[in-house]
Amino acid sequence: MLGIDSKAVALATASAALSFVLCKRHFERLADAERRRRYEDRKSFKSKSDAAAKERGLPSGTKLDDVTTGGVYLWDVERLGRYEHECILANIRRHPGRAEATRAYLRAGPRQKLHFNPVDVNAAIVTCGGLCPGLNNVIREVTRSLYHLYGIKGKVYGIVGGYKGFYDPNTPPINLSVDSVENIHHEGGTILGSSRGGFELDKICEFIKSKKISQLYVIGGDGTHRGAFSIHEECMERGLHVAVAGIPKTIDNDVDYIDRSFGFISSVEAAQSAIRAAKVEASCNLPNGVGIVKLMGRSSGFIAAHATLGSGDVDLCLVPEVPIVLEGSTGCLPHLWRRVKKNGYAVVVVAEGAGEEILGESSETDASGNKKLPQIGEFMKKAINEYFHKQGEEATVKYIDPSYMIRSVPANATDTLYCMQLAQNAVHGTMAGFTGFSVGLCNNKTCLLPIPEMVLTSPRQMNPQGR
Ligand SMILES: Nc1ncnc2c1ncn2[C@@H]1O[C@H](COP(=O)(O)OP(=O)(O)OP(=O)(O)O)[C@@H](O)[C@H]1O
Ligand SMILES: O=P(O)(O)OC[C@H]1O[C@](O)(CO)[C@@H](O)[C@@H]1O
């Protein structure tokens with residue numbers, strides 16, 4: 001009798017284990033299929049944009065023949081010996097068994113020979129796109145470097161309200177001086193103002209010509225950089241003697257090629273207070289407190305993931321790179337339920353771009369053509385409430401959206417230093433005559449980067465399986 005019972009128990013246990021494994025495999029297969037679909041989508045998007053770039057005649061950026069005239073600074077390492085410039089190896093990682101092309105970027109820094117005579121230099125600075133901690137630091141340091149490091153005698157125009165400020169009579173440019181920028185780095189935002197949309201190349205070039213501007217500093221994300229490169233090309237076309245430098249800005253940290261974008265660390269830090277608030281709210285509000293914090297990150301979850309790991313208080317982090325599974329053995333709702341049952345509360349961080357696979361893509365866009373995002377934070381709040389209700393209990397969900405609060409803070413000390421390095425090196429680059437480049441930290445060294453290449457693979461995403 002005993003023997004039969006234990007056999008039955010063993011059989012039942014084995015069949016339960018088998019159905020658990022099968023169920024788990026099923027969900028893993030679904031998740032794999034979803035990941036695959038997103039990968040294919042990304043790949044086809046990239047090949048389309050590569051093809052579009054080719055059609056528009058953008059340089060492929062793999063070769064550079066003449067360092068003093070070109071606008072592209074991606075080098076074949078074998079050819080480096082021909083030039084008297086220091087380079088930084090870019091792709092230092094080697095995949096076993098895969099031959100890898102070696103690339104390097106020109107190292108940023110002051111050059112012995114100046115291309116521009118400081119006496120003749122007039123410059124302009126413009127900030128475009130969303131805000132980011134450190135914008136004022138970059139404006140300050142570009143202005144100070146021009147006047148202090150190179151002693152320029154001309155004007156530095158601050159273009160007001162983004163690209164439109166080049167030609168909008170309602171927002172005329174302002175003069176930037178060492179005195180006027182002295183204290184701006186203590187404030188968040190940009191003293192110049194910013195905007196999306198509005199890029200009239202002809203009018204921008206007219207302004208550059210009429211004010212005899214020989215150096216243009218463009219601070220912005222991938223959209224802004226596309227604009228900067230068009231200005232560089234058009235200036236070349238028109239024979240205008242102008243050096244155009246981009247300084248990559250985005251709290252999303254999604255500009256490719258660079259170690260990180262300025263302001264990112266300050267934003268991650270600013271997000272900590274929102275996460276702490278969510279934890280306090282969740283742990284004090286009964287029954288079953290859940291605090292949700294939505295952070296920015298249009299197509300990548302860098303801020304959400306870094307803020308999560310930096311806080312150590314988050315039970316669930318949702319990012320665009322990983323499809324959301326709501327229910328089932330790997331589902332986030334049962335996971336939250338278990339965390340609440342164990343600890344009494346739970347904290348969730350969600351990147352604004354997460355969950356498009358559930359909520360669908362919006363057809364609406366902002367003035368620059370960036371697509372608007374579905375409301376993932378509100379959706380998760382509803383889903384959590386409903387799930388707890390289905391389990392026969394109620395949840396107390398508090399939803400915090402600190403998005404604009406975390407990107408409007410002043411830069412912290414680390415970003416202040418980084419902004420200074422970027423701004424100074426942008427000025428070193430333009431004074432030496434480089435144009436159509438951007439500047440950024442690559443393998444912890446400041447480099448001059450090729451804009452067409454940089455924007456081709458931006459926005460970048462995190463590798464959820466990465467180390
Ligand atoms: N392909 C392009 N060519 C010329 N200008 C562009 C292009 N794409 C965007 N712009 C212009 O660049 C500016 C900023 O673009 P956008 O609003 O997309 O922000 P961004 O630079 O990508 O920064 P963020 O990371 O904050 O979104 C806008 O004025 C927009 O019109
Ligand atoms: O609401 P705005 O100002 O257009 O900006 C929102 C977007 O800007 C970003 O911060 C990028 O600059 C994204 O994370 C976000 O989606």
Side-chain angles (χ1 to χ4, degrees), residues 49 52-53 56 58 126-135 138 159-168 171 188-190 192-205 216 218-234 244 246-256 258 261-264 266-268 270-271 294-304 306-307 319-320 350-354 356 362 364-377 401-409 436 438 451-452 454-456 458-461:
S49 54
R56 286 170 52 214
L58 288 185
V126 64
T127 51
C128 310
L131 298 186
C132 175
L135 285 166
V138 176
I159 307 300
V160 175
Y163 280 134
K164 291 176 197 140
F166 279 104
Y167 48 83
D168 185 345
T171 53
T190 157
L192 299 178
S194 189
S195 68
R196 297 196 188 274
F199 178 82
E200 296 196 29
L201 186 55
D202 197 44
K203 291 183 181 171
I204 292 172
C205 291
L216 173 60
V218 181
I219 312 168
D222 54 333
T224 307
H225 273 73
R226 287 190 181 94
F229 200 74
S230 301
I231 298 173
H232 148 72
E233 286 185 310
E234 188 61 21
V244 182
I247 298 152
K249 164 250 47 156
T250 168
I251 57 159
D252 291 358
N253 199 29
D254 60 4
V255 174
D256 207 6
I258 56 178
S261 48
F262 74 78
F264 172 67
S266 305
S267 295
V268 167
K294 186 180 87 169
L295 298 176
M296 282 188 170
R298 197 167 12 219
S299 48
S300 61
F302 288 103
I303 299 183
H306 283 240
V319 292
V350 53
E352 63 177 341
E356 271 194 335
S362 166
E364 284 180 72
T365 54
D366 68 16
S368 292
N370 303 306
K371 70 177 172 359
K372 293 203 170 155
L373 296 166
Q375 302 296 316
I376 184 66
D401 181 352
S403 306
Y404 294 107
M405 288 171 72
I406 70 154
R407 76 174 194 187
S408 54
V409 296
S438 191
I451 293 181
M454 199 172 89
V455 296
L456 216 55
S458 297
R460 69 172 168 200
Q461 290 195 302

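Numbering of ligands and ligand atoms starts at 1, following listing order.
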What atoms in ligand 2 come closer than 4.0 Å to a heavy atom of Tyr404? 1 (O), 2 (P), 3 (O)

Below 4.0 angstrom from a heavy atom of Gly297, which ligand 2 atoms are there? Numbered from 1 as shown, please. 14 (O)

Would [X] count as being in polar contact with ligand 1, using the rule that some N or O on each side must be under 3.5 angstrom apart?
{"X": "Thr224", "answer": "yes"}
{"X": "Gly197", "answer": "yes"}
{"X": "Gly220", "answer": "no"}

Please compare [options] and report which has the shortest non-hydrogen distance to [atom].
{"atom": "atom 6 (C) of ligand 1", "options": "Gly223, Gly246, Gly161, Gly221", "value": "Gly223"}
{"atom": "atom 30 (C) of ligand 1", "options": "Cys128, Ser368, Ser261", "value": "Ser368"}
{"atom": "atom 19 (O) of ligand 1", "options": "Lys164, Lys249, Arg196", "value": "Arg196"}
{"atom": "atom 22 (O) of ligand 1", "options": "Asp222, Thr127, Leu201, Asn253", "value": "Asp222"}

In this structure, atom 14 (O) of ligand 2 is nearest to the protein heavy atom Asp252 OD1, 2.7 Å

Ranked by distance from atom 15 (C) of ligand 2, the top protein heavy atom is Glu352 OE2, 3.1 Å

Ligand-side contact atoms (ligand 1) for residue partner [X], heavy atom cut-off under 4.0 Å:
{"X": "Gly198", "result": "29 (O), 31 (O)"}
{"X": "Thr250", "result": "25 (O)"}
{"X": "Tyr163", "result": "11 (C), 12 (O), 13 (C), 29 (O)"}
{"X": "Arg298", "result": "24 (P), 27 (O)"}

Arg196 to ligand 2: N or O pair under 3.5 Å? yes

Decide whether an N or O pair under 3.5 Å exists between Arg407 and ligand 2. yes

Side chain or backbone of Asn370 under 4.0 Å from ligand 1, or both, or neither, by non-hydrogen atoms? side chain

Using only atom types and a distance under 3.5 Å, with no angle test, would you say the side chain of [X] pairs donor to acceptor with the backbone of [Y]?
{"X": "Arg196", "Y": "Gly369", "answer": "no"}
{"X": "Ser403", "Y": "Met296", "answer": "no"}
{"X": "Ser194", "Y": "Gly129", "answer": "yes"}

